[in-house]
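Worksheet: the structure to be examined is printed underneath.
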Amino acid sequence: MKLNSIRPDTRFKPNSLPFRPESLCLLHFSVKGFNQSPKTFLEMTTLSSISRFLSSSIRLKNHKLSISHFSTVSSAETVYNHLQRNGGNIEKTLASMRLNLDAKCVSQVLHRCYPTQSQMGLRFFIWAGVHSSYRHSYFMFSKACELYRIRQNPSVIFDVLEAYSVEGCSVNMKMFKVVFNMCKEAKLADEALGVLRKMPEFGLRGDNVVYNVVIRLFCDKGDLDMAESLVKEMSMVELYPDLITYMVMIKGLCNVGRLDDACGLFKFMKENGCLPNVVVFSALLDGFCRFGDMERALKLLEEMEKEGGDCSPNVVTYTSVIQYLCDKGRTVEALLVLDRMEARGCLPTRVTVSSLITGFVKEDQVELAYKLVDRVVESGSVTKTDCYSSLVVSLERVRKPEEAEKVFRTMLDSGVKPNSLVCTIMLKKSCLEGRMVDAYCLFDELEKMECLSSIDSDTYSILLVGLCQQRHLVQAAKLARVMLSKGIKLKAPYVDIIAEVLMKSGDEELLEQLTRNGR
DNA sequence: ATAGGGTTAG
């Protein structure tokens, strides 16, 4: 099993007690308690901190809004109430409100409208997206799609368009672009095409950007025939495929292994006055690499170097060549490519170096990996953290746990901070092997080195579950305190498991203590 | 708009 795919249920089977932890009064705690300062919390006894931690997690998991939403929920509430009261033309109501739009406000309104007023929420989202003082980030698009389950339930998009139509709402191009971006985020190719077909009803038609989005969606889906017919359609409506269109198509053709067609299109674009840039070249080159035509890829790389300018290979181009050479066991040549890129003033990144390190480790040439690390650290292009972290990950992947452990230990002892992936892997490994005290000590050490700023809640939870199961309650309480101070929330399944473990394993005395101190 | 192991927070 891969280390990074460890999930708690593979090891910690929840037992089947006949009660739910939510029903336990000993775990009951208010949200008000959660807001107490860490200092107050530290003063509390260790066992009560576990119970408090659990209870706040239980309370929170039933809320769609996180704590931070509670403080300023009023602005969303105002919008919601306004919209509810006025009914009818949502956009007109919104325009009259002179709202101070920001990401927080948008997010709150979305949450407020879901699920009983989804259509209103979406219309607000579309309206907000064209508001002059505000722009949706990609993050916001992904949040909106996730919350409203657009991918699972795409008909809501058409419901909104229908409502616009019925109400005689004027819909402009910008509003459609918000809708297309939602389709893009939700990976809805057919629906995006459906929206494109609806545009004429509102007196609009797709432009290059819109066509490119739809074509890309079909390419990503592997439906190259539809993508091609849309490209043809573009020329028929006096739109012309541009650099992005060609890039998307070439990438799509490469993805489905139609390399000759990709080459044909590459030639065609040049002949038609659209000069490929480094991204287009790189897409084609990557296709050659992936389908095993390394020689053709190298020839293309040479061509790019000769051509220069917009076609000059960049670190992404070189990295993909190096990566595929390493995959094929051709690390000697890969190193030559590294020389070549550096000679052209193109510095490797951690991705480049990581590919090479993995290649060396797979060929059992760790000493070459060390040599490479010295070289790139010396030149200042990649940090020790990134290099040695890659080395540890690679050693773990090829099942050399002792060597990985050794490098990891050396890192810690010499003050080189392992990155978060390595920390996660090593912590989970100890947990999986049931070495919970070791895991806790490691956690403590990493925490002191300030390496744990971006460890996910999953890792914390596995650690806490294991400590509770083995009844290392002092450590568990300390961990729970750290989690609380960092605002890391336990996810529902872990809450259940930990509560059950404590209940089941707990002798009367422990239960009593928890009950007594939990108030 | 390009690779990658998963870079903030929004």
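Since this is a predicted model, take the numbers as computed values, not measurements. Note: hydrogens, waters and symmetry copies are ignored here, and every other heavy atom, side chains too, is used.
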message: Considering every strand and a 4.0 Å limit on heavy-atom distances, what is the contact class for A:Lys251: base, sugar-phosphate, or nothing?
response: sugar-phosphate
query: Looking for any heavy atom pair under 4.0 Å, which part of the strands does A:Asp456 touch: base, sugar-phosphate only, or nothing?
result: nothing
query: With sugar-phosphate meaning primed atoms plus P, OP1 and OP2, does A:Ser282 contact a base, only sugar-phosphate, or nothing at under 4.0 Å between heavy atoms?
result: nothing
field: Whole-Å gap separating P (B:dG6) and NZ (A:Lys428)
entry: 12 Å
message: Tell me the interatomic distance from A:Lys184, atom NZ, to B:dA1, atom P, rounded to whole angstroms.
response: 5 Å
field: Nearest listed nucleotide, side chain of A:Ala103, among B:dT2, B:dA1, B:dG10
entry: B:dG10
message: Can you identify which nucleotide, out of B:dT2, B:dG10, B:dA1, has its nearest atom closest to the A:Ser137 side chain?
response: B:dG10
Parallel, tilted or perpendicular: ring planes of A:Phe180 versus A:Phe176, cut at 30 and 60 degrees: tilted
- request: From the options B:dG10, B:dG5, B:dT2, select the nucleotide whose nearest atom is closest to the side chain of A:Ser420.
  value: B:dG5
Nucleotide B:dG6, atom C1' - distance to CD1 of A:Ile455 in whole Å: 11 Å
query: Relative to each other, are the rings of A:His131 and A:Trp127 parallel, tilted or perpendicular (30° and 60° limits)?
result: perpendicular
- request: Indicate whether any N or O donor in one side chain lies under 3.5 Å from an N or O acceptor in the other, for A:Thr317 and A:Asn314.
  value: yes
task: Classify the side chain of A:Asn212 and the base of B:dA1 as holding, or not holding, a donor-acceptor pair under 3.5 Å.
output: no
message: Base of B:dG10, side chain of A:Asp102 - is there a donor-acceptor contact under 3.5 Å?
response: no
message: For A:Phe291, I'd like to know if atom CZ has over 12 heavy atoms of other residues, nucleotides or ligands within 6.0 Å.
response: yes
statement: Picking from B:dT2, B:dG6, B:dA3, the nucleotide nearest the side-chain atoms of A:Leu421 would be B:dG6
message: Regarding A:Asn277, tell me which of base, sugar-phosphate or nothing describes its non-hydrogen contacts under 4.0 Å with the strands shown.
response: base
query: For the side chain of A:Val279, counting heavy atoms from C-beta on, which of B:dG5, B:dA3, B:dA1 is nearest?
result: B:dA1
- request: Using the P atom as the reference point in each nucleotide, state the distance between B:dG5 and B:dA1 in Å, no decimals.
  value: 23 Å
- prompt: In terms of the angle between their ring planes, are A:His136 and A:Phe125 parallel, tilted or perpendicular, with boundaries placed at 30° and 60°?
  reply: parallel
query: A:Thr424 side chain: which of B:dA3, B:dG5, B:dG6 is closest?
result: B:dG6
field: For atom CG of A:Leu356 and atom C1' of B:dA3, their distance in whole Å
entry: 14 Å
Given DNA chain B, 5'-ward residue of the pair A:Phe139 and A:Val351, judged by closest heavy atom: A:Val351
- prompt: Quick check: are there more than 12 heavy atoms from other residues, nucleotides or ligands sitting under 6.0 Å from NZ of A:Lys267?
  reply: no
message: Heavy atoms only, 4.0 Å cut-off, all strands: where does A:Thr317 land among base, sugar-phosphate and nothing?
response: nothing
message: Whole angstroms only, please: what is the CD1-C1' distance between A:Ile488 and B:dA9?
response: 16 Å
Pairwise P distance, B:dG6 and B:dT2 [rounded to whole Å]: 16 Å
task: Specify the separation, in whole Å, of atom CD of A:Gln323 and atom P of B:dG5.
output: 7 Å
- request: Please determine, for the side chain of A:Met247, which listed nucleotide (B:dG6, B:dA1, B:dG5) has the closest atom?
  value: B:dA1
message: Base, sugar-phosphate or nothing for A:Ser320? Non-hydrogen atoms, less than 4.0 Å.
response: nothing
